[in-house]
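Just below is one structure, and these are the notes that go with it.
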Amino acid sequence: MEESLTRAMMLKLFIRKLRRVLLLSASRGANMSEIRFDEEMEATKMVPGDVKKGHFAVTATKGEEPKRFIVELNYLTHPDFLSLLEQAKEEYGFQQKGVLAVPCRPEELQKILENRRKRRASTEW
């Protein structure tokens, strides 16, 4: 189901791009750098269906198999997560596109997320 939704979103984006290219090239001598910029901007606006409002996707890239997580926005203020973001900045810079990549093993990120959840649950009582 998720795969077919992703393919449908990609097809929709492709059709939009094709229409834009055809319309631009028919109406004037199309400037290809303009078209590429528009395509990149459009692609960055796409949010996968499994990422709910108030969440973002992050991938732990170290280890044998990278793993993708869906994380609540409030983790952006957590000191351990901020440390990962600092490491990502040093390793990858600010030029990342798509899913945010952090340079840690999936188990490390899972531990940070679980510890935060446990602390929040304990303070609710």
Side-chain angles (χ1 to χ4, degrees):
M1 175 73 175
E2 183 179 318
E3 185 177 329
S4 63
L5 181 60
T6 302
R7 286 184 182 176
M9 288 173 50
M10 290 174 64
L11 180 60
K12 185 177 178 181
L13 179 62
F14 174 75
I15 291 170
R16 256 195 235 148
K17 288 178 186 179
L18 184 58
R19 280 185 188 158
R20 186 177 301 127
V21 168
L22 292 174
L23 288 172
L24 282 174
S25 63
S27 66
R28 61 184 168 123
N31 181 343
M32 292 310 288
S33 63
E34 240 179 74
I35 293 170
R36 277 190 225 107
F37 177 75
D38 287 346
E39 289 173 356
E40 287 179 15
M41 289 303 293
E42 191 69 31
T44 59
K45 293 178 187 174
M46 288 184 57
V47 177
D50 62 335
V51 180
K52 298 181 279 185
K53 186 174 185 175
H55 293 73
F56 63 100
V58 61
T59 300
T61 59
K62 299 292 182 185
E64 290 180 27
E65 185 84 21
K67 185 174 178 186
R68 184 171 173 264
F69 295 84
I70 305 300
V71 180
E72 292 179 38
L73 287 175
N74 62 17
Y75 280 89
L76 292 172
T77 60
H78 188 273
D80 292 337
F81 196 82
L82 288 172
S83 175
L84 283 178
L85 291 179
E86 187 65 33
Q87 291 173 32
K89 180 184 87 172
E90 291 172 12
E91 189 157 330
Y92 309 120
F94 288 114
Q95 302 305 317
Q96 293 188 51
K97 293 182 182 178
V99 175
L100 174 65
V102 291
C104 71
R105 294 188 335 271
E107 302 81 33
E108 294 173 63
L109 181 54
Q110 184 71 43
K111 185 177 178 181
I112 290 170
L113 299 176
E114 286 174 359
N115 286 342
R116 169 82 184 228
R117 285 185 197 118
K118 286 177 185 176
R119 279 191 220 135
R120 280 183 33 196
S122 68
T123 59
E124 289 176 1
W125 289 96

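Since we're looking at a predicted model, the values are computed, not measured. In what follows, every heavy atom counts, from backbone to side chain, and hydrogens, waters and symmetry copies are set aside. Index from 1, following the sequence.
With His55 contributing its side chain and Lys53 its backbone, the two residues share a donor-acceptor pair below 3.5 Å.
The NZ atom of Lys67 sits 5.0 Å away from atom CD of Gln110, with the distance rounded to the nearest 0.5 Å. The distance from the CD atom of Glu72 to the CG atom of Leu113 is 9.5 Å, given to the nearest 0.5 Å. Atom CG of residue Asn115 and atom CG of residue Asp80 lie 7.5 Å apart, to the nearest 0.5 angstrom. Between Glu107 atom CD and Lys62 atom NZ the span is 13.5 Å, to the nearest 0.5 Å.
Closest heavy-atom contact between Arg68 and Val99: NE-CG2, 4.0 Å. Taking each heavy atom of Leu82 and Leu76 in turn, the nearest pair found is CD2-O, 2.9 Å. Across Pro103 and Thr61, no two heavy atoms sit closer than the pair CA-OG1, 3.7 Å. The shortest heavy-atom contact between Ala88 and Ala101 is CB-O, 3.5 Å.
For the ring pair (Phe, Tyr, Trp, His ring centres under 6.0 Å) test, no residue two or more places apart in sequence or in another chain qualifies with Phe69.
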Chi angles and distances behind the side-chain contact (heavy atoms from CB on, under 4.5 Å) call for Phe81, Leu109: CA-CA 8 Å; Phe81 196 82; Leu109 181 54; 3.9 Å; yes
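Residue Glu65 qualifies as open at atom CD: its count of foreign heavy atoms under 6.0 Å is 12 or below.
Partner of Lys89 under the side-chain hydrogen bond (donor to acceptor under 3.5 Å, both in side chains) criterion, chosen from Glu91, Glu86, Gln87: Glu86.
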